[in-house]
2 protein chains.
Amino acid sequence: MPHDYGFNIRDLRRVIAVAEHRSLRRAALALEVDQGTLTRSIQALEHALRIPLFERMRTGARLTAAGVAFTKIAASVLEGMDEAMLHLRLRHNGVVGRLRLGVQVSFATGVVADLLERYQSVCPDVDFQIIDGTRERLLRDVLASRLDAVIVIAGEGWPGRAIPLGRKECWQLSRGITPSRRGWR
Amino acid sequence: MPHDYGFNIRDLRRVIAVAEHRSLRRAALALEVDQGTLTRSIQALEHALRIPLFERMRTGARLTAAGVAFTKIAASVLEGMDEAMLHLRLRHNGVVGRLRLGVQVSFATGVVADLLERYQSVCPDVDFQIIDGTRERLLRDVLASRLDAVIVIAGEGWPGRAIPLGRKECWQLSRGITPSRRGWR
DNA sequence: TAGATTTACGTCCTACGTAAGAATC
DNA sequence: GATTCTTACGTAGGACGTAAATCTA
């Protein structure tokens, strides 16, 4: 269990920026930090690693062999992290996954249709399948887990898991009922 | 190209420690930091992510669903980083890889033998193959890249790439001529 | 001199430990 | 009251920007 490496995510991005721009000055410009700050960051990193990463030249800075290796490491770490973080956030917000939604035919126009369209545009990463049908058919399908949720005219039964479709509750639908939440698959 | 996430490597290790110990207190003990420090770290991270990672209980702390996901991310990032960093350092020190070394038979004992044995014990991660043979045979093989280096009696030719075998140069052999350096494969 | 990196220095912000506070059984 | 997490507070060290210094064609 190795301890801390003495550098942080920011340093990784800075190394990559310098490598890409082949210049501390241009990288500093791109990163919107002072050139001296960047110099110190890179120096501190090289010192922490005890490995020189860049060869300083009159025309700029070029990666050493070790620098190339480290840059690859940094890039792969950052790439994995970026993707994972994005996915984490999306999942937490419930905007990725699959949502099979049954809609009673009589709702296929008007407010509900607008809402569904809006949801799709807000959450493009949700595989959003709308199935229309009769009330009974939809209720049967959602019971059998062939649908994740349905929008139907209210009736008897389903006291706890049904939500009345007022304006406020519509919003709750699009934020609370998501493919990744407990009870919905 | 996302910006900084507002946390660093240390934070990842701390989250994992808390998750493993299921307690801020025990994790702080294991990490040898103050409990308050750990609290602040985790809080800051949760705030940066805008996602709660732990559910605080009287008996300790337990991962939330999002916390489980994040912990997996953190573990995989750290694991990849640890391995890569180890490999980077080994490579930079020239102690991993393959070194095919030809040794003239008349050197197969004495100082050279001791040196080779020492090198092997210092760099156990080098796949170190010693091939003995006549001077001409070895020179032919190293020319044809079947060997990475040879130790032979000096003669004509090879002015730039040959190193006299004084005591100092012997050390240069074990530190400078490595499988990963330019010109040697 | 032009174009590049490095260093000096003062400031500010962050992270830390100590220690006290709150919540829950 | 014991155990656990949280918050206040003062300090020390790190990171930053400005600006001057250095180096090389």
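Just the heavy atoms: all of them, side chains too, but no hydrogens, waters or symmetry mates, feed the values below. Within every chain, numbering begins at 1; the chains are lettered A, B, ... in the order of the sequence lines, protein sequences first and strands thereafter.
Every residue two or more places apart in sequence or in another chain that forms a salt bridge (Lys or Arg N to Asp or Glu O under 4.0 Å) with B:Arg137 is listed here: B:Asp141. With sequence neighbours excluded, the residues satisfying side-chain contact (heavy atoms from CB on, under 4.5 Å) with B:Ser23 are B:Arg25, B:Arg26. Under the side-chain contact (heavy atoms from CB on, under 4.5 Å) criterion, B:Arg40 pairs with B:Thr37, sequence neighbours left out. Listed by chain and number, the residues in a side-chain contact (heavy atoms from CB on, under 4.5 Å) with B:Ala28 are B:Val33, B:Gln35, B:Leu38 (sequence neighbours excluded).
Taking atom CZ of residue B:Arg22 and atom P of nucleotide D:dC5, one finds them 13 Å apart after rounding to whole Å. Computed from coordinates, the A:Leu31 CG to D:dA15 P distance equals 16 Å when rounded to whole Å. In this structure, A:Glu46 atom CD and C:dT6 atom C1' are separated by 13 Å, rounded to whole Å. Atom P of nucleotide D:dT4 and atom CG of B:Leu29 are separated by 11 Å, given to the nearest angstrom. Rounded to whole Å, the distance from NE2 on A:His21 to P on C:dG3 is 18 Å. When the C1' atom of C:dT7 is taken as reference, atom CG of A:Leu24 falls 14 Å away, rounded to whole Å. In this structure, A:Leu38 places its CG atom 15 Å from P of D:dT18, rounding to the nearest Å.
The list of salt bridge (Lys or Arg N to Asp or Glu O under 4.0 Å) pairs with a residue in residues 54-63 of chain B, not counting sequence neighbours, reads B:Glu46-B:Arg56, B:Glu55-B:Arg62.
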Notebook entry, point to check: Going 5' to 3' along nucleotides 15-25 of chain C, which nucleotides have protein heavy atoms under 4.0 Å from the base (write B), which only from the sugar-phosphate (write S), and which from neither (write -)?
Noted result: SBBB-----BS
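In this model, the phosphate group of C:dT7 is not approached by any side-chain N or O of A:Thr39 to a distance below 4.0 Å at OP1 or OP2.
Here D:dT7 is the nucleotide among C:dA4, C:dT6, D:dT7 with the atom lying nearest to any side-chain atom of B:Gln43.
Geometrically, A:Arg13 engages B:Tyr5 in a cation-pi contact defined by less than 6.0 Å to the ring centre and at most 45° from the axis.
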